[in-house]
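What follows is a set of notes on a single structure, which appears directly below.
Each chain gets a letter, A, B and so on, in the order the sequences are listed, and its residues count up from 1.
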Amino acid sequence: MTSTTQEIPTRFDFDSVQPRIYEMWENGGWFQAESDSEKPPYTIVIPPPNVTGALHLGHALNNTLQDVVIRMKRMQGFNTLWMPGTDHAGIATQARVEKRIKEIDGLTRHDLGREKLVEKIWAWKDQYEIRILGQLKQMGCSCDWSRTRFTLDDTCARAVRHTFHDLFGKSLIYRGKRLVNWDTFLQTTVSDDEVFSKKTNGHFWHLLYPVIDPKPGEPAHITVATTRPETMLGDTAVAVHPDPSAALKKVASELNDKLKKCAEAEKADVQAQIDALNQRREDMLSQLELLRDMAADGRKLMLPLMDREIPLVCDQWAKPELGSGCVKITPAHDPNDYEVGIRCGLEMINIMNADGTLNAEAGSYAGLTMKQGRKKVVADLEALGLLDKVEDREIELPTSDRSKTPIEPYLTDQWFVRMDDLAQSAMDAVSDGRVSITPERYAKGYLSWLGEKRDWPISRQLWWGHQIPVWSQGCQSKAESEALIEKIGGVDSWDENAVSIQVENCEEEDEAKRKQLDLPFATVHVCIRDQGHDMQAHLESIGFVREDDVLDTWFSSALWPHSTLGWPEATADLKTFYPGSTLITSRDIITLWVARMVLMGLNNMDAIPFERVFIHPKILDAYGETMSKSKGNGIDPLDVIEKFGADALRYAMADLATDTQDVRMPVQYQCPHCEHKFDQTKKNRELPRVDCPAKECGKPFKTQWAESDDDMALDKGYVLSERFEVARNFVNKLWNASRFAMMNLEGYQAAPIDPADMTLEDRWLMSRLAAVSAKVTRALDGFRYAEATETLYAFAWNDFCSFFLEIVKDRLNNDQQRPHAQRMLVFGLDTLMRMLHPFMPFLTEEIWQILGQIAPERGMDGSAASACLIQASWPEIDPSYQSDAIESQFAHFQNSLGAVRDIRARQKIANKKPINFGIKCSAEITDSLKPMGSYFSRMALAELTDIGPDVEAPAVSANLIRDDLEIFVDLDGLIDKEAEKARLEKEKAQVIKNIGGKKGKLSSDKFVNGAPAEIVQRERDGLAKLEQQLEKIEASLKVLGA
RNA sequence: GGGCGUUUAGCUCAGUUGGCUAGAGCACUUCGUUUACACCGAAGGGGUCGGGGGUUCGAGUCCCUCAACGCCCA
């Protein structure tokens, strides 16, 4: 034995091991993929983390799952590439940095200017990128760092411009006016996905619009209701339903259907709604029809305050069952009204500036904020007697996820990607199975989202991102635009492959109106593909101006699988690693990211980006809420690594990755003073300081909310979860099992293992190894991580440690058996480490290194093991070792041992007191159990005194029946009669219950005749066995004098 | 309103195509420091599988329905 083994501590010192091992891997170049390898490729691209901040537990989960697969595939002999990188995350990062600059320097982005701000964000990015990549390394991620990319670096930028130019040239990118979600605080568009709706208390104002020249019988005013009265300044129509009678009928029939189906408790409520509707029909239908006719007759209304004539139009958006049945239409400031505006060809008046104040179109209200405008509009209407009534009402206020301020629908020029064919191509890829999504149910959302084929708005009014490579100039006539295009083509650097032109005609056809609104006849857009192209200077010299906007961050993310490999160059990497193998991500970006990667991959590469997509669960806290720093329930993976080690973090992550559901992880605080743990509650998770509830401690510690100097001076409490303790304990168990094995390798000599030398327990171990390795491989190939960890846990703890190691102790003490036992022990440990490596890379590699010093040669054939576990081969045990017969023979040993221990415990026989026992069993079982007799002494301090078909119970004994065995423990002088009686009575009751169940089944003709003969026979056999058991229990009870 | 998911032991979760007495970890009870491990060992208690109905010889598993919770879309 070397001195190293004696010095192995009883705790795995992950702190010192992790950096050392990681450095060894990096120096060995094991993470690096080779573009010219003979081995089959296996590629995963990382979902690039945003450079906004640190990684959270969700990242820990996501990246663990990727590393597990990558490490297994590497061991299986694949040329693995795990492509790392980060995402510039446009709006999120810019908003974050802007906020910081505001806090520190009190400056806005406009004070700084575009160049300065972008410079500051780059500095931020550099800082956080290092931090994020460092965290991944601490987790043990085996990414190919030499290939690290950033979505805004030169390589990605080139790919973005090529893609943009290509789509622009195919007219799949265009500019158009669209109603967008406008964040007036950040002054940019935000996508639908970045908007959430917030319930707030608001009002419902009923406004009166005068009818111009009403005919006799017609009303003088029309009532419209709105939650946003200030938008009336931009109204361009009032709508009524074209067929109010039919619309009411439809609603009534829906209510009647509901009445039939709904629960008793709701019936009254629904009935009341029906009654109200009928009443409404009686009261209002004729009025609504009159309004409809007025609209058809071209009657106009006078828009109050603005003194503008607006038409009364028919459109199904007006709901006759609600309010007055009429609805005001503001096409430039409401999505639904916008649709009506398109349908009815209405004027669209934009009354808002980018900063959320009212513009010149709002007349005398110009310059007010929306809020001030509302106040004044309401007051002015009231003064005119045109405010009918005001109701309180809860409203859903669309709010920006980024700035938490209300969203304004806003009509602006935006760039779009036409989705028709692109979306279809991505749908086809999943429908026809070229791309598979696991779990399958997520394919549905992917398909239905793409199925809408809504054009993708890609421009963002930001400074941080890929600036749109388009230069534009307006012109006042067709001739002018043709002349302009002529001028562009007149230079030497003209290259049709690199420069494309689009002419956008103004939607406003009326020339006078265009002049009034200062709109051009047409706009010429020129897209330049290459950065620094001569054309840029030329265009600018003839009056073209570059588009200010940048691209949506997902535009560059969508290219990630091929841009990172060097596209559009035809690189060796691209040839080798594209299409990728697997994408592992979370479900909230299936549409935003996964779908777009598929369609961009198909467009640019004419091939799918990856074959398989695995969607993993989300981690929630004990209340079922998502973890987040803003709630204070977030667990920092670095805390976990510090406290439990990276392997424990990883194992815990993999262990909770089941594919059926999200997983709850109760969160606890740990006191830094006394290590006392207690649950985090909704209350204490919001406090800046918490007092330890342990009586003997009671000291305060700080949380992430600490701000005051007093609080900041305290020690920080950990935020953890007990699930990591389970993992840490397992790590330590493995460490000690390995430690034990390695301490017992004195005199180890490598040699081929002859299967003929194998004892029953050896064969059992081989059978288990074959079964477990196959199961783990299958599970991981199907992304069933939790199944893999549970299989390994049960095998390592229950089989390998509790049985094989305990048994092998005996054999190690026997000079004859020792060499062979050592080889089996080493082989078992070696295989176990390989299987666990993807989950616990540090622990297993460390053990591998120590084992390499003691037993460098340890294959079944006595061959040498590879120097590093990270590139050792994945275990493939000859499946012929797997044997149910062997396992059931070994189960007889386990059962006998269990029975003896059971009796010892129930009889309260001290562990130190030796006992004798016998086993009655078939001759065959006798043969297999006899050689194992000595193990009973070690494992239960019990002497197997008698075994065979004719063994009889001693006079005073406790008997147990386990399968085909009857175990008698000689209790002479030991017996606790009452305890034994109690145990037997209990067992008797259970057996009787089971007999009853089986008898019931078998007495039913239905079962006997209906079920397969095999099942019936099984029940009969079971019953016979139980009845036998019952007899024996009763006999034992008799002996005890019951 | 539409779609998806979940509901199994005190807690967190497994439970494959329906088929032996429904499992694991944690927590709990009792016993134990036997020279790998107390981050350990041995034994034990604890479940009407959300409610109701149906299909079947047989349902945690399949179907219908109700309820609660969660997520996504509108």
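Taking the six-membered ring wherever Trp is involved, the centroid distance between the rings of F842(A) and F14(A) does not fall below 6.0 Å. Taking the six-membered ring for Trp, F839(A) and Y785(A) have ring centres at least 6.0 Å apart. Checked against the 6.0 Å centroid threshold, Y718(A) and Y669(A) do not count as a close aromatic pair.
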Inset, instruction - Start with the C-alpha distance between I915(A) and E943(A), add both sets of side-chain angles, then the distance that settles side chain to side chain contact (heavy atoms under 4.5 Å, CB included), and finish with yes or no. - result: CA-CA 6 Å; I915(A) 51 177; E943(A) 187 77 26; over 6 Å; no

Inset, instruction - Check the pair Y651(A) / F724(A) against side chain to side chain contact (heavy atoms under 4.5 Å, CB included), numbers first and verdict last. - result: CA-CA 8 Å; Y651(A) 178 84; F724(A) 297 112; over 6 Å; no

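Each of L897(A) and D655(A) has a nearest nucleotide on RNA chain B; the 5'-most of these lies closest to D655(A).
Considering only the side chain of E806(A), A36(B) comes nearest among U33(B), C13(B), A36(B). Residue E452(A) has its side chain nearest to C73(B) when only A43(B), C69(B), C73(B) are considered. Residue W797(A) places its side chain closer to C40(B) than to any other of G3(B), C69(B), C40(B). If you check C39(B), C26(B), A43(B) against the side chain of E722(A), the one that comes closest is C26(B). Closest to the side chain of R441(A), from the set C4(B), A36(B), A43(B), is C4(B). Each of C26(B), U33(B), C13(B) was ranked by its minimum atom distance to the side chain of V726(A); first place goes to C26(B). In this structure, the nucleotide among G44(B), C39(B), C13(B) sitting nearest to the side chain of R728(A) is C39(B). The side chain of S802(A) has A42(B) as its nearest neighbour among A14(B), G44(B), A42(B). Side chain of K444(A), nearest nucleotide from G3(B), U12(B), A36(B): G3(B). In this structure, the nucleotide among A43(B), C37(B), C13(B) sitting nearest to the side chain of A905(A) is A43(B).
Whole-Å rounding puts the Y935(A) OH to A42(B) C1' distance at 21 Å. Rounded to a whole Å, the CG atom of N895(A) is 14 Å from the C1' atom of U21(B). The interatomic distance linking E725(A) (CD) with U12(B) (P) rounds to 17 Å, in whole Å. Rounded to whole angstrom, the span from the OH atom of Y793(A) across to the P atom of A24(B) amounts to 12 Å. Rounded to an integer number of Å, the gap from CG of N744(A) to C1' of C37(B) is 14 Å. As a whole-Å value, the separation of I847(A) CD1 from C37(B) P is 15 Å. The nearest whole Å value for the distance from the OH atom in Y785(A) to the P atom in A14(B) is 16 Å. One interatomic measurement links the two molecules: CG of N732(A) to C1' of A36(B), which rounds to 10 Å at whole-angstrom precision.
Taking the C1' atoms as reference points, C73(B) lies 33 Å from C11(B), given to the whole Å. For the C1' atom pair drawn from A67(B) and G51(B), the interatomic distance equals 7 Å after rounding to whole Å. G46(B) and U8(B): their C1' atoms are spaced 14 Å apart (whole Å). Comparing the P positions of U7(B) and U61(B) gives a spacing of 12 Å, expressed to the nearest Å. A gap of 15 Å separates the P atoms of A42(B) and U34(B), to the nearest Å. When the P atom is used for both A22(B) and G47(B), the distance is 12 Å, rounded to whole Å. The P atoms of C40(B) and G19(B) are separated by 34 Å, rounded to the nearest whole Å. Rounded to a whole angstrom, the distance from the P atom of C49(B) to that of U21(B) is 16 Å.
Here T658(A) reaches the OP1 or OP2 of A14(B): one of its side-chain N or O atoms lies under 4.0 Å away. For R11(A) and C39(B), the shortest distance from a side-chain N or O to OP1 or OP2 is below 4.0 Å. For K912(A) and U34(B), the shortest distance from a side-chain N or O to OP1 or OP2 is not below 4.0 Å. For R454(A) and A74(B), the shortest distance from a side-chain N or O to OP1 or OP2 is below 4.0 Å.
Helical stems of RNA chain B (runs of at least 3 Watson-Crick or G-U pairs, donor-acceptor distances under 3.5 Å) are listed by first residue: B:1-7 with B:67-73, B:10-13 with B:23-26, B:28-32 with B:40-44, B:50-54 with B:62-66.
In this structure a side-chain-to-backbone donor-acceptor pair under 3.5 Å is missing from N814(A) to D810(A).
A cation-pi arrangement is found for K809(A) relative to F740(A), the charged atom lying closer than 6.0 Å to the ring centre and inside a 45° cone about the ring normal. Cation-pi contact between R11(A) and W735(A): absent, since separation from the ring centre below 6.0 Å together with deviation from the ring axis within 45° is not met.
The pair R768(A)-E887(A) counts as a salt bridge, with a side-chain nitrogen and a carboxylate oxygen less than 4.0 angstrom apart. A salt bridge links D588(A) to K618(A): at least one charged side-chain nitrogen sits closer than 4.0 Å to a carboxylate oxygen.
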